Amino acid sequence: MYPENYKRFLRLIEELREFEGAIIVEGPRDEVALRNLGVRAEIIRLSRSPLAEITLIASKHGDVMILTDFDRKGEELAGKLLRYLSGYPCRVDSKTRKELRKILKKDIKGIEDLYRLYLSVSGPLLEGFQ
């Protein structure tokens with residue numbers, strides 16, 4: 001990760017921890033990574049139910065964050081989720097995923113890698129960036 005992105009990465013992790021809606025992820029490892037980061041929000045895994053059912057459940061939370069992986073499949077899922085959720089009266093945060101992808105694309109492939117990356121950069125390397 002480029003040094004100029006450390007501070008932004010830590011801010012994004014803090015935003016994830018403070019988020020109070022529902023976060024949609026692809027699978028169980030993504031959920032584990034977010035829980036290890038201290039995320040307390042409702043986490044809904046796409047691997048559990050059909051997409052239409054997931055969006056209905058998520059929309060009841062008012063705020064929904066899409067955190068699919070950064071690969072082609074994750075991009076497609078994020079697009080479908082955005083379209084499905086646009087029909088519901090909820091606020092959808094796809095910005096966080098885009099920012100994570102922008103600053104971390106070279107470092108990780110998906111959400112399940114966030115915790116490992118956080119551990120690797122949150123030590124002594126960050127002392128000058130906090």
Side-chain angles (χ1 to χ4, degrees):
M1 176 186 317
Y2 296 114
E4 62 270 15
N5 290 329
Y6 289 157
K7 198 172 187 179
R8 184 64 195 138
F9 175 63
L10 290 180
R11 268 194 240 122
L12 286 169
I13 296 302
E14 192 57 37
E15 288 174 22
L16 287 172
R17 289 178 178 149
E18 294 172 2
F19 188 74
E20 294 183 357
I23 300 175
I24 301 175
V25 298
E26 290 184 46
R29 287 188 224 137
D30 300 327
E31 181 177 3
V32 169
L34 292 177
R35 293 291 181 221
N36 286 340
L37 286 167
V39 174
R40 293 180 308 257
E42 174 80 21
I43 296 177
I44 302 170
R45 295 192 320 241
L46 288 171
S47 59
R48 287 195 163 175
S49 303
L51 208 53
E53 188 175 323
I54 295 288
T55 54
L56 177 62
I57 293 167
S59 70
K60 294 181 180 180
H61 288 272
D63 291 315
V64 180
M65 182 182 293
I66 298 171
L67 279 184
T68 55
D69 291 340
F70 309 131
D71 57 7
R72 190 170 56 91
K73 179 184 172 194
E75 294 294 330
E76 289 172 6
L77 285 169
K80 285 181 183 179
L81 286 165
L82 271 172
R83 285 191 301 277
Y84 278 45
L85 286 165
S86 68
Y88 292 99
C90 60
R91 289 176 299 279
V92 180
D93 175 350
S94 57
K95 184 186 92 177
T96 301
R97 180 183 174 278
K98 287 178 184 175
E99 287 190 54
L100 283 169
R101 184 186 69 213
K102 181 180 176 183
I103 65 172
L104 302 176
K105 192 170 186 174
K106 295 179 192 301
D107 299 297
I108 65 173
K109 294 183 184 200
I111 303 306
E112 69 185 65
D113 301 323
L114 277 178
Y115 184 63
R116 176 191 50 78
L117 181 62
Y118 176 78
L119 290 177
S120 73
V121 300
S122 64
L125 290 174
L126 288 175
E127 288 175 7
F129 293 99
Q130 294 179 344

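Source: prediction; values computed, not measured.
Put simply, the side chain of Arg8 never gets that close to the backbone of Leu100: no donor and acceptor are under 3.5 Å apart. A distance-only check finds no donor-acceptor pair linking the side chain of Asp93 to the backbone of Val64 [under 3.5 Å].
Put simply, CG on Asp30 and CG on Asp69 are 5.0 Å apart, with the number rounded to the nearest 0.5 Å. With rounding to the nearest 0.5 Å, the separation of CD in Glu31 from CD1 in Ile24 is 13.0 Å. Interatomic distance, Leu56 CG to Tyr88 OH, rounded to the nearest 0.5 Å: 4.5 Å. A distance of 13.0 Å separates NZ of Lys80 from CD1 of Ile66, quoted to the nearest 0.5 Å. For the atom pair CG (Leu104) and CG (Asn5), the distance works out to 7.5 Å, reported to the nearest 0.5 Å. Remark: Thr68 OG1 to Arg101 CZ distance equals 9.0 Å, nearest 0.5 Å.
We find that Arg11 and Glu15 are not joined by a salt bridge, their nearest charged nitrogen and carboxylate oxygen being 4.0 Å or further apart. Using a 4.0 Å cut-off between a side-chain N of Lys or Arg and a carboxylate O of Asp or Glu, Lys102 and Glu99 do not qualify as a salt bridge.
A pairwise comparison of heavy atoms in Phe9 and Tyr118 identifies CE2-CA, 3.7 Å as the closest pair. Residues Ser59 and Cys90 come closest through the heavy atom pair O-CB, 3.7 Å. Contact record, Met65 with Leu16: SD-CD2, 3.3 Å, taken as the closest heavy-atom pair. Across every non-hydrogen atom of Glu112 and Ala33, the tightest pair is O-CB, 3.7 Å. In plain terms, the two heavy atoms of Ala41 and Gly21 that are nearest each other are CB-O, 3.4 Å. Pairing each heavy atom of Ile54 with each of Arg45, the nearest pair is CD1-O, 3.4 Å.
No path of Ile, Leu, Val, Met, Phe, Trp and Tyr side chains, each step under 4.5 Å between heavy atoms, connects Ile23 with Leu46, placing them in separate hydrophobic clusters. Ile111 and Leu51 are members of different hydrophobic clusters when ILVMFWY side chains are connected at heavy-atom separations under 4.5 Å. The hydrophobic clustering, which links ILVMFWY residues whose side-chain heavy atoms are closer than 4.5 Å, places Leu117 and Phe70 together. By the rule that hydrophobic residues join a cluster once side-chain heavy atoms approach within less than 4.5 Å of another member, Ile103 and Leu37 end up as members of one cluster. Follow the hydrophobic side-chain contacts under 4.5 Å out from Phe19 and you reach Leu34 in the same cluster.
Applying the salt bridge (charged side-chain N to carboxylate O under 4.0 Å, His left out) test to every pair with at least one member in residues 82-91, sequence neighbours left out, gives these pairs: Asp63-Arg91.
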Original post:
Passes salt bridge (charged side-chain N to carboxylate O under 4.0 Å, His left out), Arg72 versus Glu76? Steps please.
Top reply: CA-CA 6 Å; Arg72 190 170 56 91; Glu76 289 172 6; 3.1 Å; yes
Subject >> Worked check of side chain to side chain contact (heavy atoms under 4.5 Å, CB included) between Leu77 and Lys73 >> reply: CA-CA 6 Å; Leu77 285 169; Lys73 179 184 172 194; 4.0 Å; yes
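Enclosure of atom CZ in Arg17 by more than 12 non-hydrogen atoms of other residues, nucleotides or ligands within 6.0 angstrom is indicated.
Ile43 has its side chain within reach of Arg35: a pair of non-hydrogen atoms, C-beta onward, lies under 4.5 Å apart.
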